[in-house]
Amino acid sequence: MKINRLSLPTHYPFKTIYIAAADGTQLPVSVIGNGQPIMMLHAYGMDAREFLPFIVPLLSQYQFYLPHFRGFGAAKDIKLTQFDFVREYADDTNLVIEHICLAHKVESLPIAAISMGALVMWSYFTYFGVSRVSRYLNIDQSPVIHNQSDWHGGLFGDRQQALFEIFQEIIDKTLPYAHVERFTHLPFSLKRCVTDVERLFSLLSVSRPRSKALVKILTHQNDHKLAFYDHSTWQHKMRCLQAYLAIPYDFRSVTADVTIPVVSLIGAKSELYDFKWQQKITKMLPNATDIILPHSGHAVPIDEPIQFFKILKEFLQ
């Protein structure tokens, strides 16, 4: 998606503000619209500005805050300071929420989050509670990553071990090149491995044939193109992937305390998180409902863009 080609209403200026983190880092947050403040958190590998096509029709009613997680989007040059990137993102998110509440003189605000952004919200609820969140839209994300004896709804479900082995293999191959900043300086075979794994992940995230065709087009790299491809976020993605494999993320213990209204938007054909196990989380929450899209995979905005907009609009209203 080419953000610079999206026509934005001139009477709703699009701006970037910067919020200081505890380590002095200036965290970029895209802001657009007038009215009630809303925050949306993006997915792994996503640019927060990719939400823009879905929120433009709502700009007269809401002011959207779109934080960029360290290493992605407008924050692609900002380094992580912790191995547990989800916790660091939760700490950063807390600062953004506090800034919004202070700026708008509100006690709380609605938040929508997808995939990794939603995992960050589960971490946020664990460490900061729910008092600053009025209601929450959780988009196809379980609070549990690793399968366990009592939980088989982790990332990739029954395919978890096989896919985790693929991810571990690419991490092991890239570790000797951790000091190499430029992707163009990597051996060609390693560049091909990295982009193939990313392509696999992207294809697993979508369900509809048109979505898969789009992903294949956008991620295709012939040899010539790959030779000159400057992949600026490859190191960051590998680090996040390493943490996913090493840290047993499990935020089920906080579900009983998330008493705010929660809507769980679930892709029935999600290959990342089985919808039946996602429904178990809905039942664990005191005040939650779920919406299941029968033809959607994990990447709901790509598989079902119109439905996603309608559900987002209804959630906000």
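Owing to the predicted nature of the structure, the values given are computational and were not obtained by experimental measurement.
A donor-acceptor distance shorter than 3.5 angstrom exists from the side chain of T174 to the backbone of I171, with no hydrogens or angles considered.
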Exercise. Take F167 and F156 through the ring pair (Phe, Tyr, Trp, His ring centres under 6.0 Å) test and state the conclusion after the steps.
Key: CA-CA 12 Å; F167 294 156; F156 302 121; 5.8 Å; yes

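In this structure, H42 has its ring center under 6.0 Å from that of F69. Between F72 and H68, the gap from one ring centroid to the other reaches at least 6.0 Å.
The number of heavy atoms from other shown groups lying within 6.0 Å of NZ (K212) is above 12.
The aromatic rings of W277 and W151 stand perpendicular to each other, their planes meeting at an angle above 60°, with 30° marking the opposite boundary.
There is a side-chain donor-acceptor pair under 3.5 Å between H104 and Q63. For the residue pair Y62/N34, the side-chain donor-acceptor check at 3.5 Å is not satisfied. When only modelled atom types and interatomic distance are considered, T259 and N287 share no side-chain donor-acceptor pair under 3.5 Å. Donor-acceptor pairing under 3.5 Å is recorded for the side chains of Q148 and R252.
Interatomic distance, CZ of F228 versus CZ of F183, reported as 14.0 Å (0.5 Å rounding).
Cation-pi geometry between R135 and F315 is satisfied (NZ or CZ under 6.0 Å from the ring centre, within 45° of the ring normal).
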